[in-house]
Every structure is written in C-alpha cells, then in structure tokens.
Amino acid sequence: MRLTQITHHDLDGYGAATLVAAYAEPARVVHVPRYGDVGPVVDDELKRLGKAKAAEMVLITDLGIEEPTIAFLRRFAAMNRKREPEAPHRLVVLDHHTSSIDQMRRQGLEPKPAPENPRLSRFDLGDPAVTVLVDEGSSATRMVDTHRALFATREPDPARAEDLALLVASVDALDLWRKDDPRFPGGFALDEIFWDNVGTLVPVGHPDHDPFVARLLLEATAKLRAGATPAELERAVPAIRGAIVDDLMRDAPDDDPALTTRQRMARALARSDALFHALSDGTLLSFALDAGTFQRVSDLVMASGRARRLVNVQRAGTLSFRSIDGTALDGARLFRGGGHQDAAGGKLPSGTAFSLSDAVAQVEPVLNPPKSATADSPFAALRNWKG
C-alpha cells in the first residue's frame with residue numbers, strides 16, 4: 001500500500017520520519033512548518049486520494065489537530081464510504097498535543113482512554129480505516145516506534161537498532177522538555193544540528209532530502225551512543241555531512257572532491273529535474289533552497305544554457321530571482337521587490353508557501369498572467385485603430 005507521511009518541520013517531525021523510513025518505505029514525505037499550513041496540505045491530499053484507484057495510506061505525525069484537520073478527518077471518512085468496501089484508504093494520525101484533545105472535544109469527538117496507557121486517547125471517526133491517537137506523555141517520534149504495527153512493512157536494519165532506540169529516547173526527552181533526563185543534552189545537541197542542516201544542502205521536497213536528514217540524525221546519534229559530548233558531536237558534524245555527500249556524489253560524472261560540500265551538492269542539484277518546475281515563460285522555479293545554495297545552483301544552471309532566469313521561493317514567502325538577460329528585476333518588481341538587473345527579490349502576495357506546487361500556483365499567474373479572450377481575437381489589433 002502506497003504510504004504518504006505528513007509531518008511537522010521540526011526535530012520531532014523529522015525524528016518521526018526517520019523512524020517511519022526504518023519500518024516502511026514512504027512514497028512521499030510532506031513537511032509542514034506551521035499548523036496554520038495544515039489545511040491546504042490535507043485538502044490537496046484529499047483531492048489526490050479521491051482520484052486514486054488503489055488503496056493508499058496517509059500517516060500524519062506531530063501536527064497539532066485543529067479545525068481544518070478535524071474537517072479533513074470527517075471528509076476522509078466520508079470519502080471512504082463511497083469507495084469499494086475491500087479497498088478503503090487508510091489514515092493514521094499520531095499526535096501528542098494536549099490542545100488536540102481540546103479541539104476534538106469542541107467538535108463533538110470525545111476521547112476514549114486506552115487501558116494500557118492512561119495518557120493515550122483514541123478517537124472514533126466511525127471508520128475502522130481511520131486511527132487517531134493522541135498521547136500527551138510521548139513525542140511523535142516515540143509514538144511512531146510504539147505504534148509501528150499500524151504501518152510497518154519491514155524490520156529495521158539490525159545495525160541501526162541501537163541508534164534508532166537512542167534517537168527515540170533523545171527526541172522524547174527534548175520534545176517533552178525533560179531536563180532531568182540524561183538523554184536531554186544529547187537531544188538538545190541533535191536539535192541544534194537539525195536546524196543548522198535541514199535547509200542548507202538538500203532542499204525540502206527533493207528526493208534526497210529526507211534520506212540526507214535521516215542519515216545525519218542517525219550518524220550523530222551513533223556518536224552520542226559512543227560517548228561523544230555535545231561539543232564533540234558539534235565538531236564531528238562537518239565530517240558526517242561530508243561522508244553523506246561523498247556517498248550521494250559517488251557516481252556523479254562532474255563531482256570534484258576538492259570543492260566544498262555546498263559546491264559539490266550544487267552541481268547535483270543544478271542537473272536535478274525534481275528540483276525545478278518550468279514556468280510557461282521558461283523561468284525555472286525551485287522551492288526552499290538555501291540562499292547560498294541557490295546562488296551556486298542558479299549560476300550553474302544558467303551557465304549550462306538550461307534557463308536564462310530562475311526564481312527560488314522560500315517557505316516564508318520571499319522570492320529570489322537570478323538571470324543572465326537582465327530580467328530578474330522585472331520579475332521581482334511584480335512581487336513588490338527590487339534589486340539588481342540580474343539579482344533581485346520580492347515577496348509572495350499571500351506571505352507564505354508550503355510546497356513547490358503551492359509556490360508555482362502563486363508565482364505563475366503573477367509572472368505570466370493569462371491572456372484575455374479578446375487579446376487572442378484577430379480583431380484585437382483593430383480595436384484602437386481610428387483609420
């Protein structure tokens with residue numbers, strides 16, 4: 001069954017994704033930075049599932065359950081009632097926010113306590129294919145481990161078992177702010193490593209993004225397990241990151257180990273089809289690239305002749321244009337921005353973007369507004385002619 005995971009864009013959300021990848025093989029992982037962005041994400045997912053013939057599973061982790069999510073749960077169950085009885089989609093929600101219980105109650109959904117765990121609440125949506133669990137005493141990463149039977153299709157690599165266990169314990173200690181837990185300092189160090197690296201080399205949405213972050217977290221956890229202090233771990237991160245890039249670039253025809261890690265990854269990203277969406281005017285749009293990486297990637301893309309203009313959209317809604325024909329500033333001006341002829345920036349009208357497709361949906365109509373029907377008329381040229 002095809003698995004899509006929708007998870008929070010923080011250490012616990014990525015810890016949950018790392019555990020899921022150890023027990024299954026997700027087809028997609030969607031990272032949501034703010035709870036306010038959950039509504040559009042699940043709406044898109046519901047539209048996609050409504051067209052899917054084969055049964056699929058959606059796993060939502062570490063995203064506080066608010067009104068848009070509750071509406072999605074009910075619409076998901078309603079959609080399932082229209083499907084063939086033997087092929088329902090499955091939905092699993094693993095959350096740990098007390099506010100989620102409050103929100104569910106406001107919508108008339110009462111928690112059912114679990115006898116085996118007094119802090120675990122279950123919610124009945126009237127569909128056996130929908131499982132909603134809220135555990136106030138556990139991180140989402142630990143919930144994924146505890147409830148893996150709901151989605152698991154394989155056993156994890158035995159060589160990683162101890163690292164996975166320590167990752168769960170460390171994220172759990174940090175996310176629940178248990179400062180007296182001996183794993184808390186390690187969890188704090190992992191959190192710093194996560195934020196320093198999650199967006200710098202491989203952008204969100206790229207096929208290599210989640211494997212890159214998962215391996216970084218597990219390699220860092222292995223160092224903790226071997227007795228490294230947080231300071232020693234911090235100093236070891238560049239070598240860990242470099243080793244991961246060595247593996248990613250092993251068969252790359254244009255790799256140069258003499259370059260910096262960022263420069264090496266920029267070469268791989270510049271030739272990646274998954275990174276870009278081509279707009280109707282030929283501009284290539286990327287999403288969530290680190291500013292420094294975007295500069296290097298855009299230089300390589302334009303030098304190759306693949307595009308004359310690129311735009312990168314950040315989650316916060318900022319846009320960066322680069323060009324070799326003086327049109328970067330023209331694009332930026334359409335988004336209340338400015339800068340140089342070939343390097344300029346602006347801001348999305350909505351203020352934020354949550355995915356590549358969302359960024360495309362916001363940028364395309366502004367950068368390339370659709371022509372009116374009258375503009376295509378053969379009589380349009382005569383409209384202002386006075387003879």
Side-chain angles (χ1 to χ4, degrees), residues 5 7-22 29-34 61-62 139-141 160 163-164 166-168 170-171 174-175 183 185-226 228-250 252 255 257 259-270 272 274-275 286-297 312 314-316 318 356:
Q5 183 181 8
T7 193
H8 198 196
H9 187 83
D10 68 353
L11 178 63
D12 193 22
Y14 275 82
T18 301
L19 265 290
V20 169
V29 182
V30 181
H31 296 280
V32 183
R34 305 180 311 174
T61 51
D62 196 36
S139 65
T141 303
R160 282 296 193 192
D163 297 331
L164 288 167
L166 182 56
L167 177 65
V168 170
S170 300
V171 174
L174 176 80
D175 206 62
R183 277 75 55 97
F188 206 92
L190 290 175
D191 191 55
E192 292 184 352
I193 291 167
F194 165 77
W195 287 115
D196 285 346
N197 292 276
V198 68
T200 54
L201 292 179
V202 187
V204 175
H206 190 275
D208 289 329
H209 174 77
D210 283 282
F212 174 85
V213 177
R215 182 171 167 186
L216 181 68
L217 291 176
L218 286 173
E219 296 287 354
T221 302
K223 293 286 186 184
L224 290 174
R225 187 166 62 83
T229 65
E232 290 168 338
L233 177 57
E234 182 180 46
R235 289 192 287 271
V237 167
I240 294 173
R241 196 171 52 221
I244 298 172
V245 173
D246 283 342
D247 285 346
L248 287 174
M249 302 294 289
R250 192 171 305 283
D255 183 36
L259 298 176
T260 66
T261 302
R262 189 192 294 266
Q263 289 170 336
R264 293 172 69 193
M265 280 305 303
R267 291 188 174 193
L269 293 172
S272 170
L275 180 65
S286 59
F287 177 68
L289 266 179
D290 167 81
T293 301
F294 176 62
Q295 180 64 57
R296 289 155 180 79
V297 169
N312 182 61
Q314 295 288 6
R315 288 181 179 276
T318 55
L356 175 63

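Starting from 1, each residue takes its place in the sequence as its number.
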Contact between [X] and [Y] at the side-chain level, heavy atoms closer than 4.5 Å - yes or no?
| X | Y | value |
| --- | --- | --- |
| Thr293 | Thr200 | no |
| His209 | Val198 | yes |
| Tyr14 | His9 | yes |
| Arg262 | Met265 | no |
| Leu167 | Leu19 | yes |
| Arg264 | Asp246 | yes |

Minimum heavy-atom distance between [X] and [Y], given as atom pair plus value:
| X | Y | result |
| --- | --- | --- |
| Met249 | Ala268 | SD-CB, 3.6 Å |
| His31 | Arg315 | O-NH2, 3.2 Å |
| Asp210 | Ala17 | OD1-CB, 4.3 Å |
| Ala266 | Arg296 | CB-CB, 3.8 Å |
| Ala16 | Thr141 | N-OG1, 3.2 Å |

N/O donor-acceptor pairs under 3.5 Å from side chains in residues 188-197, not counting sequence neighbours:
unit_1, atom_1, unit_2, atom_2, d
Asp191, OD1, Trp195, NE1, 3.3
Asn197, OD1, Arg241, NH1, 2.7
Asn197, ND2, Ile193, O, 2.8

May I ask you to decide if His8's main-chain N or O and Asp62's side chain share a donor-acceptor pair within less than 3.5 Å?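 Flag not set: sc Asp62 to bb His8 has no pair under 3.5 Å.
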Between the side chain of Asp175 and the main-chain N/O of Asp12, is any donor-acceptor distance below 3.5 Å?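 Side chain of Asp175 to backbone of Asp12, a donor-acceptor pair under 3.5 Å: no, none is there.
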Any side-chain donor paired with an acceptor under 3.5 Å for Ser286 and Asn312?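 On atom types as modelled, these side chains qualify, holding a pair under 3.5 Å.
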Single hit among Val171, Leu218, Thr221 for side chain to side chain contact (heavy atoms under 4.5 Å, CB included) with Leu166: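 Only match with Leu166 under side chain to side chain contact (heavy atoms under 4.5 Å, CB included): Thr221.
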Between Leu217, Leu201, Asp247, which is the residue that forms a side chain to side chain contact (heavy atoms under 4.5 Å, CB included) with Phe212?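 For Phe212, the side chain to side chain contact (heavy atoms under 4.5 Å, CB included) check succeeds only for Leu201.
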Could you go through Leu275 and Val297, starting from their C-alpha distance and side-chain angles, then the distance that decides it, and tell me whether this counts as side-chain contact (heavy atoms from CB on, under 4.5 Å)? CA-CA 10 Å; Leu275 180 65; Val297 169; 4.3 Å; yes
Checking Leu289 against Leu269 for the side-chain contact (heavy atoms from CB on, under 4.5 Å) test, could you report, in this order, the C-alpha distance in whole Å, the side-chain angles of both residues, the deciding distance, and whether it holds? CA-CA 10 Å; Leu289 266 179; Leu269 293 172; 4.0 Å; yes
With sequence neighbours left out, write down each residue that passes ring pair (Phe, Tyr, Trp, His ring centres under 6.0 Å) with His206, or none if nothing qualifies.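 If we apply the ring pair (Phe, Tyr, Trp, His ring centres under 6.0 Å) test to His206, skipping adjacent residues, there are no hits.
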Go through the steps to decide whether Arg215 and Ile240 satisfy the test side-chain contact (heavy atoms from CB on, under 4.5 Å), and finish with yes or no. CA-CA 9 Å; Arg215 182 171 167 186; Ile240 294 173; over 6 Å; no
Taking atom CD of Glu234 as the centre, does the number of heavy atoms from other residues, nucleotides or ligands within less than 6.0 Å exceed 12?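 Counting neighbours around CD of Glu234, 12 or fewer heavy atoms of other residues, nucleotides or ligands fall under 6.0 Å, so no.
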Salt bridge (Lys or Arg N to Asp or Glu O under 4.0 Å) between Asp255 and Arg250, worked out: CA-CA 8 Å; Asp255 183 36; Arg250 192 171 305 283; over 6 Å; no
